[in-house]
Every structure is written in C-alpha cells, then in structure tokens.
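Bear in mind the structure is a predicted one, so any value in this text is a computation, not a measurement. Ligands are counted one by one from 1 in listed order, and the atoms in each one are counted from 1 as well.
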Amino acid sequence: MADTRVTLAGLTLDNPVIPASGTFGFGAEFAPWYDLDVLGSIALKSTTLEPRAGNDLPRIAETPAGLLNSIGLENPGLAAVVANELPQLATIYHKPVIANIAGFSVEEYAECAAVLDRQPQVGWLEINISCPNVRHGGMSFGLDPASAAEVTAAVKAVTTKPVFVKLSPNAADIVAIARACTEAGADGLSLINTLLGRRIDLASRRPVLANGDGGLSGPAILPVALRLVHQVARAVDRPIIGLGGVASARDVIEMMLAGATAVQVGSANLVDPLACQRIIADLPRAMDELGITALSDIIGAAQP
Ligand code: RRO
C-alpha cells in the first residue's frame, strides 16, 4: 500500500499535493467539483490588509505551455477573509490550510500575520515576498536578502505557527535570499513564484497585458523550478514546498526527488479544475511503477 503521507514543519499531510495560492481562491469555487478533503492542504489566495480590486484587464495571456498573469493581488482584504472566507472554507475543507500573506510594508505583513495566526484552521503561514505584479512591496522584498530577512523576522515575532517564505525566481541569487530567510527564523521555504515575462500584440504593437509585464507559470517553468528547488535544498536545512509547472503525479515525484517535502499545483487548476484530484488519485500507481513505497523516503533523493 503506497504511503503518500509527508510531514511539513510538524504537521502531517495525507499527501503532498496542495493547490497553489492564487489558483484556488479560498476553495469555494472548487468545492462543487470534488471533495476537497482529498487535498493534502490548500494554499489560500494572498491576503493583504486592505481589499484590492487588482490590475486592469486584460490580466491573463496564454503562452506556449504556460500562462502569463498580472492579477495584481486581488483579494477581499484581511477582515473579509477572517469574517467570510475562512468560516466558509471550514464547512468545505476539514484540514489545516496555508494562509498566504502579501503586503506593501513590513508592518502590513506583521499585522496580517498576527491576525491569521489566531485562526484555528490556519496551520502554516506563507509569506509572499515574490508577487511580480505590484509596483511597490510584493516582489521587492524578495529580491534583497536584508529585506527578506526583515519581513521574515517581523512575521516570526507575531506568530507561533510555522512560517514558510515564498521565494521569487527573479532574484539574482535565490540561495542568498533563502539563507537570509532561514537565518531570520523561517521554518520553511516555498518556491518558485512566477517568472517575469511579457507578450506583445502584433496588431496594436502594445503589450497584451494591461500592466505590461506579468508572471509566467505552467509546464514551461517546471525545469526552472526543479533547478531552484534543487539548489535551495542543498543550501538550506529547512523543508521546501516545491511549485512551478507541476501537472502530474510524476511531476510531484520529480519535485520531491529535487528536495521538496510537499508540492503545490498552480496553473494546472486553471486548465482542469479536477487537476489536484487526478494527481492525488494517480500518485499510488506512479509510486508503484517507480518502486516507491513511502513518498517521504524520496525527499531530496536526487541530491548528490
Ligand atoms: O496576484 C498576482 O498578480 C500574483 C501574485 Br500575488 C503572485 O504571488 N504571483 C503571481 O504570479 N501573481
């Protein structure tokens, strides 16, 4: 019997498959499609202190084997997440979730973290210092080791829950950022967020996205994610949530071999709302084919 359980910073998941932040909302849109309790956990949409309408349209563009987004941190804001989204989620999902936090100042991250820390269903905090689609804040904290450390320390000071910091592939040296976060107290790291990209409309000669640039995700970025998870796993002694282009059970296994303890699935949810359910159902057969009895045995097994 294939054992798909993994333990992530002290909490055990039935399986390592987690819908990625921003591709699953707060769960409600997916509940009519399948029983969400099959999921290892759910990473919620990034939450900011104030509600945000997001960027102008168009803010999605298709690319070969990928997707470019410039959503701009659309979310209902911290108070509405606590008052509406989390109570609704508790009726459709019955395991600990990952609350993802974004902000425009260190204080905003800490304020959100202090409130989400008190929510019983929140098992982990994921600090998003890698959103590529806002002018200030967001990714700017994830490109500089000192800023990344400052946000991490401020969040750690107000929570007892495990803190994962979500890293940007757009940083010049992601290992330096990872080290700075762990030295500041991060319990784990999530990587990667989207890669900056752009498309141009041939007729108008203008960018396809209203915001100009966007974040590239989808199968096109899986090899980039695998490389960076591999690098960070070698450098840092903390659990890693690997993400970026994962769309199958075999991709999950590949990400774990590179060093991930758990794996998030992002764009695949937008292509097929049943993607996570399918991947979880496929895992035992993929494990059998590869002679894997316990997924936890293969974490980092491709490291030298
Ligand atoms: O909302 C977004 O535009 C967004 C976010 Br917060 C993020 O972390 N990554 C991304 O590709 N888009």
If we number the atoms of ligand 1 from 1 as shown, the ones under 4.0 Å from a heavy atom of Leu73 are 1 (O), 2 (C), 3 (O), 6 (Br)
Would Lys45 count as a polar contact of ligand 1, with the cut-off being nitrogen or oxygen pairs under 3.5 Å? yes
Testing the 3.5 Å rule here: is there a donor-acceptor pair between the side chains of Ser70 and Asn55? yes
Per-atom filter on ligand 1: closer than 4.0 angstrom to a heavy atom of Ser46 are 6 (Br)
Purely on distance, is any nitrogen or oxygen of Ser70 under 3.5 Å from one on ligand 1? no
Contact (N/O only, under 3.5 Å) between Pro132 and ligand 1: no
Decide, yes or no, whether a salt bridge links Asp14 with Lys95 under the criterion of side-chain N to carboxylate O below 4.0 Å. yes
For the residue pair Tyr109 and Phe141, does the interplanar ring angle fall in the parallel (under 30°), tilted (30 to 60°) or perpendicular (over 60°) class? perpendicular
Side-chain contact, heavy-atom cut-off 4.5 Å: Leu143 with Met139? yes
Heavy atoms only: give me the nearest Ser46-Ser21 pair and the separation to one decimal. N-OG, 3.3 Å
Side chain of Lys45, backbone of Thr23: donor and acceptor closer than 3.5 Å? no
Hey, is Ile71 touching ligand 1 through its side chain, its backbone, both or neither, going by heavy atoms under 4.0 Å? both
State whether the side chain of Ser105 and the backbone N or O of Glu108 hold a donor-acceptor pair below 3.5 Å, judged by distance alone. yes
Polar atom proximity, Thr194 to ligand 1 (N or O, under 3.5 Å): yes
Which protein heavy atom lies closest to atom 5 (C) of ligand 1, and at what distance to 0.1 Å? Cys131 SG, 3.4 Å
Considering only heavy atoms of Asn128, which atoms of ligand 1 have at least one such atom less than 4.0 Å away? 6 (Br), 7 (C), 8 (O)
Those atoms of ligand 1 less than 4.0 Å from some heavy atom in Asn69: 2 (C), 3 (O), 4 (C), 10 (C), 11 (O), 12 (N)
Show which atoms of ligand 1 fall inside a sub-4.0 Å distance from at least one heavy-atom site of Asn193. 7 (C), 8 (O), 9 (N), 10 (C), 11 (O)
Cationic N near anionic O, under 4.0 Å, Asp213 to Arg198: yes
Heavy-atom contact under 4.0 Å between Gly72 and ligand 1? yes
